[in-house]
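In what follows, a structure is listed as structure tokens, so that the remarks can point back to it.
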Amino acid sequence: MKFVFFGAPGAGKGTMAAKAAETFGFPHISTGEIFRGAMRDGTPLGLKVKAIIESGGLVSDELTIGLVEERLAMPDAKAGWLLDGFPRTLGQAEALAAFCPEDHVIDLEASDEKVLDRLSGRRMCRSCGRSWHVRFMPTAKPGICDHCGGELYTRDDDREESVKVRLENYRSQTAPLQDYYRRRGTLVTVDGEADADSVWTVLKGVMERLVSARQA
Ligand code: ADP
Ligand code: ZN
């Protein structure tokens, strides 16, 4: 099945999509992670997007759409996928609808305060890309990923100035997609305000129902 994980930066898309990928077996495709991997490896793509991403801006639709089209055409994405961080603009949503339409959009809702709290104090794993939080989701050993033992770091775009730009872009370019997906009948809203374990319990139930309704 094809799921889009939707929500503000800090709403929990990446955390929930990683859990869902483990449980349901669909590949977790995060455009942010693809870009960060390219920046880490210093590829031409990485060099191209570095300044934009660090300042909190959006990478161009042209580049992002091309990348996602290529990724979704890979063999592991045949049976389904979990897209995280795409689409973020109407152009991206229309492109996805044309080349590989989603079954459901999981909209993780969290208040502005919650989102800001989560972004400050967030730590990412350099190896597996999972996110943790110094207060809300601490690892057993500080600075080390519980999942893979990788080193944790603070994302450059989690600095206050970049967070502001990201939230503004979310409001002006991405949030309007809620209406777009409501009209398509694929929007499923899940409350993302609680701690990660509680949100996951609810989300897992929602996804199980959607998957079995499909099989029935
Ligand atoms: P978050 O959801 O916390 O903002 P992501 O890891 O999804 O973080 O994205 C990080 C950054 O990568 C974004 O701020 C943006 O610069 C870039 N990016 C990711 N996905 C897209 C996209 N679909 N379109 C344009 N830029 C993107
Ligand atoms: Zn890790």
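Order of listing sets the numbers, starting from 1, for every ligand and every atom in it.
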field: Non-hydrogen atom of Q173 closer than 4.0 Å to ligand 1
entry: no
- prompt: In the protein, which heavy atom is nearest to atom 15 (C) of ligand 1, and how far is it?
  reply: G57 O, 3.3 Å
message: With rounding to 10 degrees, what does the angle C128:SG / the Zn ion (ligand 2) / C125:SG come to?
response: 110°
Polar contact flag, side-chain donor to acceptor under 3.5 angstrom, S131-R123: no
task: Examine all N, O or S atoms of H147, backbone included, and report whether one is under 2.8 Å from the Zn ion (ligand 2).
output: no
message: Could you check whether Q173 and Q92, counting side-chain N and O atoms only, form a donor-acceptor pair closer than 3.5 Å?
response: no
field: Lys/Arg N to Asp/Glu carboxylate O, D158 vs R166, below 4.0 Å
entry: yes
- request: Determine the interplanar angle of the F6 and Y170 rings, folded into 0 to 90°, and report it as parallel if under 30°, tilted if 30 to 60°, perpendicular if over 60°.
  value: tilted
- line: ang(SG C145, the Zn ion (ligand 2), SG C148) rounded to 10° is 110°
statement: The atoms of ligand 1 lying under 4.0 Å from a heavy atom of R122, numbered in the order shown, are 3 (O)
field: K114 atom NZ: more than 12 heavy-atom contacts under 6.0 Å
entry: yes
message: Heavy-atom distances under 4.0 Å decide this one: backbone, side chain, both or neither, for R155 against ligand 1?
response: side chain
- request: For atom 3 (O) of ligand 1, find the nearest protein heavy atom and state the residue, atom name and distance (0.1 Å precision).
  value: R166 NH2, 2.8 Å
message: Does the residue T64 have a heavy-atom contact with ligand 1, meaning some pair of atoms that are separated by less than 4.0 Å?
response: yes
message: Could you identify the single nearest non-hydrogen protein atom to atom 12 (O) of ligand 1 and state the distance to 0.1 Å?
response: I53 CD1, 3.7 Å
message: Checking a contact table here: which protein heavy atom is nearest atom 27 (C) of ligand 1, and how many Å away?
response: F35 CE1, 3.8 Å
No-hydrogen, no-angle side-chain donor-acceptor test under 3.5 Å, E54 and S162: no
task: Would you tell me which option among R88, R36, E33 has the nearest heavy-atom contact to atom 6 (O) of ligand 1?
output: R36
- prompt: Backbone N or O of I52 within a donor-acceptor pair of the S55 side chain at under 3.5 Å?
  reply: yes
- prompt: With backbone taken as N, CA, C and O and side chain as the heavy atoms from C-beta onward, which portion of R118 lies under 4.0 Å from ligand 1: side chain, backbone, both, or neither?
  reply: neither
- request: Check each atom of ligand 1 against the heavy atoms of L58 and keep those under 4.0 Å away; list them by number with element.
  value: 25 (C), 26 (N)
- request: Give the residue, atom name and distance (to 0.1 Å) of the protein heavy atom nearest atom 2 (O) of ligand 1.
  value: K13 NZ, 2.8 Å
- prompt: Any idea which protein heavy atom is nearest atom 24 (N) of ligand 1, and the distance to it?
  reply: Q92 NE2, 2.9 Å
Side-chain donor or acceptor of K2 paired with backbone N/O of C100 under 3.5 Å: no
query: For ligand 1, which atoms, with element, lie under 4.0 Å from some heavy atom of T31?
result: 19 (C), 20 (N), 21 (C), 23 (N)
query: Hey, are D157 and R122 close enough for a salt bridge, meaning a charged N less than 4.0 Å from a carboxylate O?
result: no
D61 and T89 side chains, donor-acceptor separation under 3.5 Å: yes
Closest to atom 26 (N) of ligand 1 (judged by heavy-atom distance), picking from V59, I65, L167: V59
task: Report, in ascending order of atom number, the atoms of ligand 1 lying under 4.0 Å from any heavy atom of G85.
output: 20 (N), 21 (C), 22 (C), 23 (N)
Side-chain polar contacts of residues 65-80 - donor-acceptor pairs under 3.5 angstrom, sequence neighbours left out - could you list them?
residue	atom	partner	partner atom	Å
R71	NH1	D76	OD1	2.9
R71	NH2	D76	OD2	2.8

message: Donor-acceptor check, side chain of T43 to backbone of M39, threshold 3.5 angstrom: yes or no?
response: no
